[in-house]
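Chain A is the first sequence line, chain B the second, and so forth, proteins listed ahead of strands; every chain is numbered from 1.
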2 protein chains.
Amino acid sequence: MNFDAITIRDIARELQLSVSTVSKALRDSYEISEKTKKLVLEYAKENNYRPNPMAQSLKKGHSKSIGIVVSSIDNQFFSQVINGMESEAYSQGYNVIITQSHESYDLEVQNVSHLIHRAIDGLLISIATETADVEHLRRLQQQGLPIVFFDRVSSEIDTHKVIVDNLGGSYQATIHLIDSGYKNIAHITSSVTSSVTTQRLSGYVQALVERGIEVNDQYIKYCAHGGLNLEELEQAVDELLQSSTPPDAILTASDRITTSTMTLLHKKNIRIPQDVALVGFSNTVLADVLNPSLTSVHQPAFEIGKKATEMLLSIINSKRPVTEFENVILPTELFIRNSSLKVAPE
Amino acid sequence: MNFDAITIRDIARELQLSVSTVSKALRDSYEISEKTKKLVLEYAKENNYRPNPMAQSLKKGHSKSIGIVVSSIDNQFFSQVINGMESEAYSQGYNVIITQSHESYDLEVQNVSHLIHRAIDGLLISIATETADVEHLRRLQQQGLPIVFFDRVSSEIDTHKVIVDNLGGSYQATIHLIDSGYKNIAHITSSVTSSVTTQRLSGYVQALVERGIEVNDQYIKYCAHGGLNLEELEQAVDELLQSSTPPDAILTASDRITTSTMTLLHKKNIRIPQDVALVGFSNTVLADVLNPSLTSVHQPAFEIGKKATEMLLSIINSKRPVTEFENVILPTELFIRNSSLKVAPE
DNA sequence: ATGAAAGCGCTAACAA
DNA sequence: TTGTTAGCGCTTTCAT
């Protein structure tokens, strides 16, 4: 921090004033005469004075910035969410600090710790696939850190949460597959521990049950690392394809799993949807130009980010401790494209 | 910063020691007895003591973190670059703070300012498409802030730079198109002011000239905002398609322009490559599963990020001012897929 | 081997 | 209206 090295003290010395006078003048205090204010303000502007926010934060205990933890920015869903967060945060004079957990519990803990020590005023987090224990977050919350969960939430911590209607999205997609004529519908999803997994699985099961289709456990595959390493996903896909009655359709439960599954099917020369139909949760802007175009469950990512940030800032700005928490559920939207086309048997 | 509220002072009080003793013990100073060190360290660990980095930064004048400015994380190229940066930074004990300029000059300036005031020790930046004037960066550099440019560099500032062989990549792609039988090759690129634009344009022109094909200015379209708003791109595409001799191939110069062009062509029912072939700079992992699969010029994004960070940290850690700067140029790789397939005339 | 004290840049209670 | 002073949490001389 020796860039723009001029400090409040320099101004004071130069103008023959005390530091406190300068400080107050800078903050437009009513105690300071217009004349002095003008003098200080002009000098400050001319010399490109910038308050040192480290010092300010140290003093004031807050930093006007909020921390974000997502699993990976290399994911259209999360980058869209982040854009929504930036938008809301900027409009209220806050900055954001973005970090990635890469689905790792250790990295999540490390990032949160880094953010905390960067004096963030609040935390927006989608917990990592690996994370089973949220003790690190609960402690922080108890100590007064405002936290808002989005996407992957924890039921063990009571705070504002923003998710989508995962059950509904999954249900709708499965019904679509069934009504398109598919019978043996598999589901590739993320880690068992994730809230998102549970909800999307429920939607899938509910649709099957409702249409009188037996739920086959062999058709449900979990990826402990959210499909981050291709091996686990490939194994899941292989097991499905090599089973005695291979599925004729697959519902994939996350952006990465969806696109990776598509890539794997291509690599294995499995035709979509002739050999197996594919419907997946995904926010990729390329859904239309994929081969085939991808039927996808789309989430209002920008709105999720915006809403989560609004709620976080409302906690931060609240005079009294917030104890009533809200659980916002936004709708998903099913875009039907060619990857789930009904095909006549050959 | 009252989360994990325990401070060095608390430890001192609890252990009946002075703060300075505790501070030294924590930093494993030779002045402190093993016994005391052990006492302090254990107490600190048990009580989950974390030094307050704001205070440390304020005191020491550095923060062990580096700032990153990219145009948009919603772009596989940049998110891969960032992963490379994180990887190198973490391995050297640094944290990164990621910000997006969204191709806007104002946002770039604001982000840089925010980063500076967050006491970053160095800056990694790919300048925004809109940015023509780099005065804000030059001033910072003169004041001693280590800066490393990557991707979009400025010739007006002398520092380490990491780019790819843009000319070569573009040349190779164009030659590939020509040798595949395409004659009327258009080039959709970014803002005129960008270094990347110039280099990629040169490669394109060079290939045409070398193969004795006339360079047609009508075939070269600029997008002032890097294709960020679809309108400017759509106009470019329309102008090309509606010209008296429409191109039979297009070379697109950036990730966003490439994917957006593909989307537009689909929307207009223009067949690729039958009606027009497409080759583009892109790092999307979906290139293989696009319709058609996309011939792309791929950049070693992770390595770019890693290398840039290495260089930045070498400046930061250098005892004496660095005045000799390096210009690293990494190779691109052309992946030939179906979007540039040679097609027999109908 | 340990402690007292100054100070990083800033804010704010209190004095003048 | 302006100035003095005491910290925020930490590091670092300089005593002891």
N or O in side chain of [X] less than 4.0 angstrom from [N] OP1/OP2:
X: S23(A); N: dT11(C); answer: yes
X: R9(A); N: dG7(C); answer: no
X: S18(A); N: dG3(D); answer: yes
X: S57(B); N: dC8(C); answer: no
X: T36(A); N: dT2(D); answer: yes
X: Q56(A); N: dG9(C); answer: no

Query raised in the report: How is T21(A) classified with respect to the nucleic acid when contacts are heavy atoms under 4.0 Å: base, sugar-phosphate, or nothing?
Result: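 Since a base atom lies under 4.0 Å of T21(A), the category is base.
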Between [Y] and [X], do the side chains contain a donor N or O and an acceptor N or O under 3.5 Å apart?
X: D158(A); Y: Q141(A); value: no
X: T129(A); Y: E103(A); value: yes
X: S33(B); Y: T36(B); value: yes
X: S191(A); Y: S194(A); value: no

For the pair made of [atom1] in [X] and [atom2] in [N], what is the distance, rounded to whole Å?
X: R13(B); N: dA4(C); atom1: CZ; atom2: C1'; value: 18 Å
X: I11(A); N: dC10(C); atom1: CD1; atom2: C1'; value: 12 Å
X: Q16(B); N: dA4(C); atom1: CD; atom2: P; value: 12 Å
X: K24(B); N: dT16(D); atom1: NZ; atom2: C1'; value: 11 Å
X: L15(B); N: dA1(C); atom1: CG; atom2: P; value: 18 Å
X: E31(A); N: dA12(C); atom1: CD; atom2: C1'; value: 9 Å
X: L26(A); N: dC10(C); atom1: CG; atom2: P; value: 8 Å
X: R27(B); N: dT12(D); atom1: CZ; atom2: P; value: 5 Å

**Report entry** Full working for salt bridge (charged side-chain N to carboxylate O under 4.0 Å, His left out) between E310(A) and K306(A)
**Finding:** CA-CA 6 Å; E310(A) 267 174 43; K306(A) 191 159 159 27; 3.8 Å; yes
Query - Worked verdict on E34(A) versus K37(A) for salt bridge (charged side-chain N to carboxylate O under 4.0 Å, His left out) - result: CA-CA 5 Å; E34(A) 286 308 319; K37(A) 276 186 197 168; 3.7 Å; yes
**Report entry** Upstream residue (5' side of DNA chain D) when I32(A) and A55(B) are each assigned their closest nucleotide
**Finding:**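 Upstream on the strand: I32(A).
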Query - Verdict with supporting geometry, T7(B) and N52(B), side chain to side chain contact (heavy atoms under 4.5 Å, CB included) - result: CA-CA 8 Å; T7(B) 77; N52(B) 179 330; over 6 Å; no
Query raised in the report: Which listed nucleotide (dG9(C), dC10(D), dG3(C)) is nearest to the side chain of N52(B)?
Result: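 The answer is dC10(D), which lies nearest to the side chain.
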Query raised in the report: Out of dC10(D), dG3(C), dC10(C), which has the shortest distance to the side chain of Y49(B)?
Result: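 Among dC10(D), dG3(C), dC10(C), the one nearest the side chain of Y49(B) is dC10(D).
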**Report entry** Whichever of L58(B) and S20(A) has its nearest DNA chain C nucleotide further upstream toward 5'
**Finding:**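 The residue mapped nearer the 5' terminus is L58(B).
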Query raised in the report: Looking only at N and O atoms, is any donor in the side chain of K59(B) or the base of dG9(C) less than 3.5 Å from an acceptor on the other one?
Result: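 Per atom types, no contact qualifies.
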Query raised in the report: Given axes from five pairs at either end, by how many degrees does the helix from dA1(C)-dT16(D) to dA16(C)-dT1(D) bend, rounded to 10°?
Result: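 Answer rounded to 10°: the end axes differ by 50°.
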Query - Nearest heavy-atom neighbours spanning Q92(A) and N317(A) - result: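 Result for this residue pair: OE1-ND2, 3.9 Å.
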